[in-house]
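Proteins get letters first, then strands, A, B, ... in listed order; numbering begins at 1 in each.
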Amino acid sequence: MDEGLFSVDKFTGGSQVYFLTHLHQDHTRGLGAAGGWRHGPLYCSPVTARLLPTRFPGVDASLLRPIASGDSASLTISSPTSGRIFSLHVTAIPALHCPGSLMYLIRGDLGCMLFTGDYRWELGCEEARYAKKALLQALAGDSVDVLYMDNTYCHPSLNFPPRRVVAEQIVNIIQAHPDHEVIIGVNNLGKEDLLLHISRALQTKIWVWPQRLLTVHLLGIDDNREIFTTDTSLTRMRAVPRYSLTIATLEALNTVCPTIGIMPSGIPWLWRSSEGKAKASGKSPAKSITCGVQGSGIGTIETDYDPLSPPKLFEKHSYALPYSDHACFAELEDLMQTLRPSAVVGIVRTPSCYANPRHHFSHFFGDEVCSDKAPVENSGHNGSLAPKRRPSGSRRRMIKISRATFYRSRVTRKRKDFCGARITEPEEPICVL
DNA sequence: GCGATCAGCT
DNA sequence: CACAGCTGATCGC
């Protein structure tokens, strides 16, 4: 196992300090280790610290280091291999992705890095403005060497409205079906704000499954027990696990009583691969975007999403709405514009280039960076990330990024299993430029 | 046999 | 292709 200094959203051991951005499954790999995870101090938000024991009872609670939004902590890490001491200063920034989600700004002897984790900072949204202000305040005029960014929807075609706009559209759809049962697909954590909005707007309770009820109570939502219930007889509105909301399920339910499904999420399921097994749904795509990189494994991305058009039936009985907890392209671009980092790394690694921030944001960098025409692998390998050109006078660092097995076979890489990053000791001459 | 990881699906 | 997360197969101890 390679020795690391610290890891973000990666808990398979080998680091001195760990950071968790939020409690979604694809960011907690390794936390459920048999015998109990106890590899080192674990920083997370207070909300995450409260929820974590229910999902990972094996984690030694004394290792949790809750850090609130806007707060900072100083820590020193000693390298297990060389004994060198590194000082770090970490600041927690609200990510607004799901309850308890954080970004981490980490500055110090390893340079300046921002790990956004999954995030959504809607332009013009008050909370996002506040979060951005907190970030700039923490940066105090310094610049980011490496931005580890949520590139889930990093493609110019992927711009969707703020969540509050889509929440209103969802309320309208439900209101237009006064005699229908309503099934809303959600995950184990997240979209609580949407459910609250629907409940308040329509003055109705919402059924959730028992585990979900426990979660909202732990979150301190609905302390008066007026909104969420596990009694199906009290409401026509049900939030169900997203994977259980399928066309087949809805058709079966409709044999019993009229039911509509609401899928509030990003929009990838609207995409149709040009050569894939696209279902013949009779829709004609309004847009067709080509990501012209040879051998990238993806040909044409098509989407028929038009933010100005009213929501429409996705399939029979089912509405798909772009209620996304991930930043859309304009928001990613705004963060790039604000920070102008020396380097950017996508935290979601896909076999294709279409979501690679280096591909779409090359104009933010010096020219040597954009010469990269290869299917950019999000700077994988165990290589060094050399900082790019920048004004003289500022200190620069080489930052070595290592990941467990990168690259393997194309088939294996289909799995999105590298959300996290482990930061290892820099190679010798630390200063560059 | 158990837990961790992987494959496949939505 | 896949937001996050389930089921079931397979691998290794």
Side-chain angles (χ1 to χ4, degrees), chain A residues 9 11-13 21-37 55-56 58 95 97-98 101 117-120 150-155 157-158 160 163 166 183-191 194 209 211-212 215 239-250 261 263-279 285 288-291 293 296-303 305 314-315 318 320-328 346-356 375 404-405 408-419:
Chain A
D9 291 347
F11 302 93
T12 43
T21 60
H22 64 289
L23 260 185
H24 281 157
Q25 192 173 267
D26 53 336
H27 293 256
T28 55
R29 287 174 61 248
L31 264 188
W37 185 91
R55 321 242 167 159
F56 300 101
H97 168 69
C98 70
S101 65
D118 291 346
Y119 84 100
R120 179 101 204 252
D150 175 9
N151 58 318
T152 305
Y153 295 128
C154 186
H155 191 284
S157 71
L158 301 180
F160 22 76
R163 283 171 287 195
V166 185
I183 309 285
I184 306 162
V186 297
N187 288 317
N188 288 333
L189 180 64
K191 306 218 166 32
L194 171 63
W209 64 99
Q211 187 90 16
R212 207 53 163 87
T215 301
V240 302
R242 188 178 53 78
Y243 55 85
S244 69
L245 175 50
T246 63
I247 305 300
T249 306
L250 279 172
M263 298 194 284
S265 184
I267 58 171
W269 55 83
L270 291 179
W271 301 356
R272 293 288 182 267
S273 167
S274 57
E275 61 224 316
K277 40 170 184 164
K279 280 176 292 181
S288 173
I289 310 99
T290 300
C291 184
V293 172
S296 64
I298 192 164
T300 304
I301 302 167
E302 295 172 349
T303 170
Y305 175 66
F314 174 53
E315 296 278 357
S318 170
L321 291 105
Y323 187 101
S324 170
D325 288 326
H326 293 268
C328 70
I347 61 170
V348 178
R349 290 171 183 83
T350 67
S352 64
C353 74
Y354 84 93
N356 194 303
T405 47
R408 301 183 290 187
S409 72
R410 169 166 231 84
V411 177
T412 315
R413 285 196 300 133
K414 282 175 76 175
R415 292 185 66 76
K416 192 208 78 180
D417 51 4
F418 298 115
C419 270

(request) Quickly work out the A/Arg29 CZ to C/dG5 P distance and round it to whole Å. (result) 14 Å
(request) Have a look at A/Gly32 and say if it touches a base, only the backbone sugar-phosphate, or nothing, with a 4.0 Å heavy-atom cut-off. (result) sugar-phosphate
(request) Could you tell me which residues satisfy side-chain contact (heavy atoms from CB on, under 4.5 Å) with A/Asp150, sequence neighbours excluded, listed by chain and number? (result) A/Thr116, A/Asp118, A/Tyr119, A/Thr152, A/His326, A/Ile347, A/Val348
(message) If I take atom CG in residue A/Leu250 and atom P in nucleotide B/dT10, what distance separates them, rounded to the nearest angstrom?
(response) 14 Å
(request) Please state how far atom CG in A/Leu245 lies from atom P in C/dG5, giving the value in whole angstrom units. (result) 15 Å
(request) Have a look at A/Asp118 and say if it touches a base, only the backbone sugar-phosphate, or nothing, with a 4.0 Å heavy-atom cut-off. (result) sugar-phosphate
(request) Starting from C1' on C/dC6, measure out to CG on A/Asn187 and report it in whole angstrom. (result) 11 Å
(message) From CD of A/Gln25 over to C1' of B/dA7, roughly how many Å is that when rounded to an integer?
(response) 14 Å
(request) Report the distance from atom OH of A/Tyr243 to atom P of C/dT7, rounded to the nearest whole Å. (result) 6 Å
(request) Take the angle between the ring planes of A/His27 and A/His22 and call it parallel below 30°, perpendicular above 60°, tilted in between. (result) tilted
(message) Taking side-chain contact (heavy atoms from CB on, under 4.5 Å) as the definition, give me every residue that meets it alongside A/Asn188, ordered by chain and number, with sequence neighbours left out.
(response) A/Arg55, A/Trp209
(request) Rounded to the nearest angstrom, tell me the gap between atom CZ in A/Phe11 and atom C1' in B/dT5. (result) 18 Å
(message) Rounded to whole Å, how long is the line connecting atom CZ of A/Phe56 with atom C1' of B/dG3?
(response) 15 Å
(request) Taking all non-hydrogen atoms of both residues into account, name the closest pair between A/Leu245 and A/Gly185 and its distance. (result) CD2-N, 3.5 Å
